[in-house]
Amino acid sequence: MIAACPECERKLDLPDSTRLSEVVECPDCRSELEVVSIEPPLLVIAPEAEEDWGE
Amino acid sequence: MIRAAVLGGAGYIGGELLRLLLGHPEVELAAAVSSRLGGKRIDSTHPNLRGLTDLTFCAEEELEQYDVLLLAAGHGATMELLPRLAGHAKTLIDLSGDFRLTDPAVYEAYYGLPHTAPELLGDFVPGAPELAREALRGADRIAVPGCMATAAILALRPLAAEQLIEPDVTVDARTGSSGSGATAGPANTHAERSGAMRVFAPAGHRHEAEIAQSCGVRPTMTATGVEAVRGVQVLCRATLRDGVDETAVRRAYRRHYADEPFVRVVAQRRGMYRLPEPKVLSGSNYCDVGFAVRPEARQVLAVAALDNLVKGGAGNAVQSLNIRMGWPERLGLEFPGLHPV
């Protein structure tokens with residue numbers, strides 16, 4: 001499965017075992033990307049974990 | 001196997017040439033000239049070479065015939081030396097500033113002295129594989145660019161060649177102390193240098209002319225000495241032309257450097273080393289280039305880092321030699337650098 005990084009357009013070769021909601025890293029720009037569709041394969045920038053400062 | 005000689009072998013660039021050539025599988029290091037240390041063992045001056053050679057420095061008058069002569073003497077001196085040494089080798093590779101600029105008037109403006117061999121300037125091909133690979137294949141006169149110039153040229157070239165930026169650029173260069181050479185003056189004693197961030201060239205640095213010549217831009221360059229022995233980093237600021245965005249910038253870098261063996265595009269969103277940094281390049285022949293774009297302000301920051309003695313000098317010379325001889329370009333230059341260092 002080939003999908004493009006939405007940040008830098010790098011083509012990522014995703015293994016067939018890739019699952020929905022999996023997070024992968026772009027080897028070029030190192031963005032964390034979430035798999036939001038398998039057919040067709042589609043990646044979006046993964047939401048960053050929010051810090052709650054212990055509240 | 002070819003026979004090579006190095007002139008100016010006692011300096012820091014000369015020492016790196018000796019190190020790289022001693023490890024090169026197709027080169028026999030046959031002689032190293034030093035005007036100060038004739039008769040002394042090479043590994044007394046360059047202790048990292050202990051066990052690798054029993055050569056001693058010789059005088060210029062002792063030079064024989066070689067396949068290649070690499071000159072690591074200073075500017076001003078080299079244009080006097082080179083004409084009389086040219087007969088010692090078919091191929092000459094010069095690492096001084098004397099044969100980098102094609103216009104003798106520009107040379108005089110930046111170096112403050114008239115060129116004494118202007119008729120030879122047109123003979124030299126830049127020892128910059130990313131710019132002149134085809135010309136290097138048959139070149140017997142090669143002039144390796146300056147360290148900060150190499151970094152700035154590799155940072156700016158994709159943007160300038162694809163006309164993504166306006167011609168006026170600023171280049172803020174930072175350099176380690178080895179760039180000042182092995183014969184320290186009062187400004188380079190430990191007491192004066194340690195901890196310093198010294199703007200030693202607020203304007204008009206000599207490498208400015210090389211950047212202008214190679215990229216067709218109008219650079220304004222500052223150079224600052226920082227707390228490091230090796231390493232150069234340049235921050236180049238330019239204005240993007242109308243309609244140019246980050247995608248276009250990234251595509252330009254990819255197009256120019258996708259197949260380059262020693263240029264890596266480093267512009268990452270995450271991690272400690274998001275943009276090029278010389279710290280992890282010590283001893284390697286890599287130049288890392290990267291960028292950051294502020295589209296709303298039409299600004300681009302192009303960054304490059306390298307080891308000033310390797311990709312900024314001796315490594316570029318050996319890479320050029322590899323191309324000239326038809327050898328694999330990476331031969332003798334595989335060391336990737338250290339981390340941590």
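Each chain gets a letter, A, B and so on, in the order the sequences are listed, and its residues count up from 1. Bear in mind the structure is a predicted one, so any value in this text is a computation, not a measurement.
Residue contact with chain A, scored on non-hydrogen atoms closer than 4.5 Å, is absent for Arg274(B). In this structure, chain A has heavy atoms under 4.5 Å from both the backbone and the side chain of Arg270(B). Neither the backbone nor the side chain of Arg264(B) comes within contact range of chain A, judged by heavy atoms closer than 4.5 Å. Looking at Glu25(A), the atoms closer than 4.5 Å to chain B (heavy atoms on both sides) all sit in the side chain, from C-beta outward.
The main-chain N or O of Pro276(B) is found under 3.5 Å from a side-chain atom of Gln233(B) such that the two form a donor-acceptor pair. Checking side-chain atoms of Asp13(A) against main-chain N and O of Ile2(A) turns up no donor-acceptor pair under 3.5 Å.
For the salt bridge (Lys or Arg N to Asp or Glu O under 4.0 Å) criterion with Glu246(B), the lone passing option out of Arg298(B), Arg251(B), Arg269(B) is Arg269(B).
Taking a cutoff of 4.0 Å between a charged side-chain nitrogen and a carboxylate oxygen, Glu7(A) and Arg250(B) do not qualify as a salt bridge.
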